[in-house]
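The structure appears right after this line, and notes come after that.
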Amino acid sequence: MKNFTSVKDVKDPMLLIREALEFKKDPYLQNHLGKNKTLGLLFLNPSLRTRLSSQKAGQLLGMNVMVMNMDKEGWALEYADGAVMNGNKTEHIKDAAMVLSTYFDVIGIRCFPTLTDRDADYSEHVLNQLIKYSTVPVISLESATLHPLQSLADSISIFETATKHELVGESKQKIKVVLTWAPHVKALPQAVANSFSEWMQRLDTIDFTITHPEGYDLAPQFSKGVKIEHDQQKALQGADFVYVKNWSAYCPYGQMPAVKEDWLLSKKKMEVTNNAHIMHCLPVRRNVELPDELLDSKRSLIALQAENRLYACAVVLEKILEAAAG
Amino acid sequence: MKNFTSVKDVKDPMLLIREALEFKKDPYLQNHLGKNKTLGLLFLNPSLRTRLSSQKAGQLLGMNVMVMNMDKEGWALEYADGAVMNGNKTEHIKDAAMVLSTYFDVIGIRCFPTLTDRDADYSEHVLNQLIKYSTVPVISLESATLHPLQSLADSISIFETATKHELVGESKQKIKVVLTWAPHVKALPQAVANSFSEWMQRLDTIDFTITHPEGYDLAPQFSKGVKIEHDQQKALQGADFVYVKNWSAYCPYGQMPAVKEDWLLSKKKMEVTNNAHIMHCLPVRRNVELPDELLDSKRSLIALQAENRLYACAVVLEKILEAAAG
Amino acid sequence: MKNFTSVKDVKDPMLLIREALEFKKDPYLQNHLGKNKTLGLLFLNPSLRTRLSSQKAGQLLGMNVMVMNMDKEGWALEYADGAVMNGNKTEHIKDAAMVLSTYFDVIGIRCFPTLTDRDADYSEHVLNQLIKYSTVPVISLESATLHPLQSLADSISIFETATKHELVGESKQKIKVVLTWAPHVKALPQAVANSFSEWMQRLDTIDFTITHPEGYDLAPQFSKGVKIEHDQQKALQGADFVYVKNWSAYCPYGQMPAVKEDWLLSKKKMEVTNNAHIMHCLPVRRNVELPDELLDSKRSLIALQAENRLYACAVVLEKILEAAAG
C-alpha cells in the first residue's frame, strides 16, 4: 500500500479487516516495524478520536509521532499551482509537502470540505495537492469526501460483532446493513456516508441499503448501484446493523433542505429490525441524531467502533511500513 | 490508588510524601512500570507547570504521553445527562470519557471552576462526570475546588525543607504552617487554598493556621476545624512556613470584596515569623501578590515546589500503575 | 557549547558544518546521547520547519521532546525586572525560566521581534532574559535579530553543494555568495539576513556580497565590512549561490520604504551569474519573492536547506549534550 485515501487503495478489504483483528490480539507485537520512523499528523481541522487513535497507532508500531495543528500552530497554505502569493497565504502546499516529506516517513492529513465549493471538495483538491507534492506515503485522516479509516474501523466492528453473534458462515444469509440519515443542527460533510457506502459495496457478505429523506441523495459516484429506500421503516426491516449518520445535501451543495418526517430513531422504530446493532462514528449529538435509549443500549457498537479506530489505523500503518521496507 | 482527586484518595499522606522523596533520588528507576502504557492529559484550561511536570512524570515512568488541549484542538463538551444536544456542544462527556478510556491507561484532566455557578463547581460536576464514565483511573490536574498534585508537591517541599533544617524529629514541636491570603488583580479559584488546607489537616506534625481578610472565608468543608486568624501579623508569629495565595470569595461566590488593610507581605512583616520559608504555587504576580524581596530571597521555596511537582505526579502515577497491575 | 544563539557561540563554524555532514550520514548513530534527557521547545510565535526539525533532531539524539506553544497553551509573560505585575501578564520570565530549567535539560525558544521597538528587539530582551534566568543551555529557534539554526543549515547546504559540484578545493577561487533583498507584501524581521551575513563572514572560503534597495541597510553590527551593492545585476555577476530574502528596514525601523526598481529575480536576470544555485529559507511567497521558474528549477536548493535544518539542530544538540556531560 502506498497511500491510503479510499477503499480503492485496498486490494482485498476483507483480508485487511482480518489482519486488523489479528493486530488487535497483540497490539505491541509489531513494535519494531516503526523504529526510527516518524509519523507526522497534520490537522487543518479539529479532531479528538482521529488524532488520539492515529497518535497511539503510531506508537503501537514503535514510530515517533508528531502532531501539527496547522490551523493553530502554523499558517494558511496556498493550494493553487502558479498562484501569485500576495494575499494572506503564507506558504504553498508544494513547499510544505516537500518539507513534511523530508521530516516524516508517513504523513497523515485531516482536511474537511468547504461545503460551499463542490468542485474543489469533490476533486479532493487539498488532499491531492499534498499527495502530488509529497514523496512519502499519505494517509487520509478524513478528507473532503471520504473518511476511510472510520469506514475501515466500522467494517472491522461489523465483522467482529457478526462473528461473535454467529451472523456469518457458509450456510448464512448475507448480513443486512442499513445506513440511515439522521437529523442534526448544522450542515455536516458527506464524507462518512460516502466512505461507508464505498466500503460496504466492496464486501461480498454485506447486503447494503441506504435510507434518507428526499433531497439528501449522496454523490452518484459513491451511491450508484446501492439500494436507496426513502421510507426509513421499510429500509430497517430485518436489518442486522443500522449505521446512523447525518449529512448535508449534495445538491444544493452543503445545504439542509427541510425534512417533514421524523427521522430520529427510537427503540420502537427499531422493532422491525433483526434486533440490529446500532452504529455511529461519533461525535454524536445525543437526542438529536440518536436517543440515549439506543446509544446506551446493549446493541450499541459506538465503543467498539472507537476502539477499532486504533486497529484500523495500525493495520494501515503496518501495510505502508511493510511496503516501504520493500 | 484508583483515582487521585483529593487527599481523601490517599490512605497515608505522610507515607506518600516519603515515597515521593525516595522517587526523587533516582527518577528513572521505575521506567519499566509504564512500558506500553499511555497517559492522556486533557486540558480544558491553560497550563504551564502542570502540563510539563505531568508530561515529564509520565516519561519518568516510561509511559507514552499524549496531550489534548480540548478547548483549542477539540470542541465543547456537554456534561448534563439526558441533554438534547441541539446547542453548541459537539460531544457528550459520556462518549468522550468512553473514547479516552479506550486509548489511555490513565487520564489526567484540568478543569477550572466557572466562578459563577457555585453549586456546579462545588459538586465537581465536570470531574465527576468524567470519572463516572471513565473505565480507567483519573488524576485531577486541578479541578473546580481542589489542586491535589500541587498540595502534594507543597507537602513534599515542606518536609524536605523541614528535614534539611532539622525542624522535625521526636523531640521537636510541631511545624507551624500559615496560609495567608494575598492581593490579586482578578478573581482566582479557591482550589489551591482548599486543597492545601485539606492536606495540612491530614499531617500530624503540622500546626496549621489560615489568615485572610473578612469576607474571604473558604468553604466550610475545607476549613472547618482550622484556626482562622484575621490579623495577618498575629497569624504569622512563630511561623516556620508561610504559604501565600490569593483566592476569590466563596460568598458572594467568585467575587472580590474590597479589602482595606494592606495584605501584601514584606521582609519587615516577616520578622515576627521563625525566619519562615516562603511558599507560592506559581504563577505569581510579582509585587502584587508577593514582593521580589521575598520571592528572590534565600527563604523562598518556589523553585523547590515547582521541582517537586514532578515527583508528586510521578509517585501518584507509580501508585496507580502498581494498583492497576494488581 | 553552552548556548547557541549566534555564530559567536561557535568556535570553528567550518568544523561544525563538517560535523553536521558527518551526522547526516548516520542520523541515529548518536541516539544514546540524549537518553533520559528532555528538550523543551517554547514557541512564542508560529513555526513549521523549525518546530518539526527541532522536534525530530531531539528524537535523533534519543531525547524526550516537549513542545509548548506559550502563546496558545500558556499565557503572557512579563520580561521587565522589578515590574509590578498588575496588568495582563500572568507570569514573570524569571519564574518561567526557573521552572523550564527544572523540567528540561535543554531549552529551545522562538521569539520574534516587535518590529516597533528597535531597542528592545536589538537588545534581544526576551531571549536574554530567558538565558539570564535559565540554569540549562538555551538554543535560539529564531530570535528578534538572528536565526542561527537557519544560517547553519544554509552554510551546510552551501558546502555540501559546493563539494558535490567541485567548487571548493585548494586550487579554487573563493565561492561567491550573494544575499539579495526581495519584495514581499508585509514587513518581515531582519533576522535571517542578519544571521546569514554573520555566518558568511566567518567562513574563509566565501566571498560575500549583499544587494538591496536604498533604505534597506541592515544593522551596522551585522553588515559592517561586507560588500554592499545597490545594483542587483552588478552584484549577481559571477555568483555561485544567490540567497533570496525579504526584510523590512532597520531605519525607519520595521517600515517598508517604497522601492521603484523591480527586485523580483528571474531566469533572465540570473544569466549573469555562474549558473548560481538559488536559496531561500522558506516559507516563500511564490511569484512575489521568487518566481516558480527559479524555485522549481534544478538549481534550487530550498529542499536541501529544509533537510539540513535537521542536521543543523542535531549537531548543535550533540555539542551541547557533550559539553553538559563534561
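- Of all residues spanning residues 44-63 of chain A, those with a heavy atom less than 4.5 Å away from chain B's heavy atoms are P46(A), S47(A), L48(A), R49(A), R51(A), L52(A), S53(A), Q55(A), K56(A), Q59(A), arranged by number.
- Heavy atoms closer than 4.5 Å to chain A are found in the backbone of K89(B), but not in its side chain.
- Scanning both residues, E91(B) and L282(A), for their nearest heavy atoms gives OE2-CB, 4.1 Å.
- Taking every heavy atom of both residues into account, V284(A) and D95(B) meet most closely at CG1-OD2, 3.6 Å.
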Problem - CA sep, side-chain torsions, deciding dist, call: H92(B), L295(A), side chain to side chain contact (heavy atoms under 4.5 Å, CB included) - result: CA-CA 12 Å; H92(B) 200 282; L295(A) 282 164; over 6 Å; no
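- Around atom NZ of K245(A), more than 12 heavy atoms belonging to other residues, nucleotides or ligands sit under 6.0 Å away.
- For the pair R309(A) and T102(B), the minimum side-chain heavy-atom distance is 4.5 Å or more.
- Counted within 6.0 Å of NZ on K37(B), heavy atoms from surrounding residues, nucleotides or ligands total 12 or fewer; the atom is thus considered open.
- If you measure heavy-atom distances from T38(B) to chain A, the contacts under 4.5 Å come from the side chain alone.
- Applying the ring pair (Phe, Tyr, Trp, His ring centres under 6.0 Å) test to H212(A) and every residue at least two apart in sequence or in another chain returns H230(A).
- When each of N287(A), D292(A), V67(A), V65(A) is checked for heavy-atom pairs under 4.5 Å with chain B, N287(A) comes out on top.
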Handout entry: Test side chain to side chain contact (heavy atoms under 4.5 Å, CB included) applied to V99(B) and E307(A), step by step
Key = CA-CA 7 Å; V99(B) 170; E307(A) 187 193 352; over 6 Å; no
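- Side-chain contact between V84(B) and R286(A): absent, with no pair of heavy atoms (C-beta onward) separated by less than 4.5 Å.
- Within 6.0 Å of atom NZ in K2(B), more than 12 heavy atoms from other residues, nucleotides or ligands are found, so the atom counts as buried in its surroundings.
- Considering only heavy atoms from C-beta on, I302(A) comes within 4.5 Å of M98(B) through its side chain.
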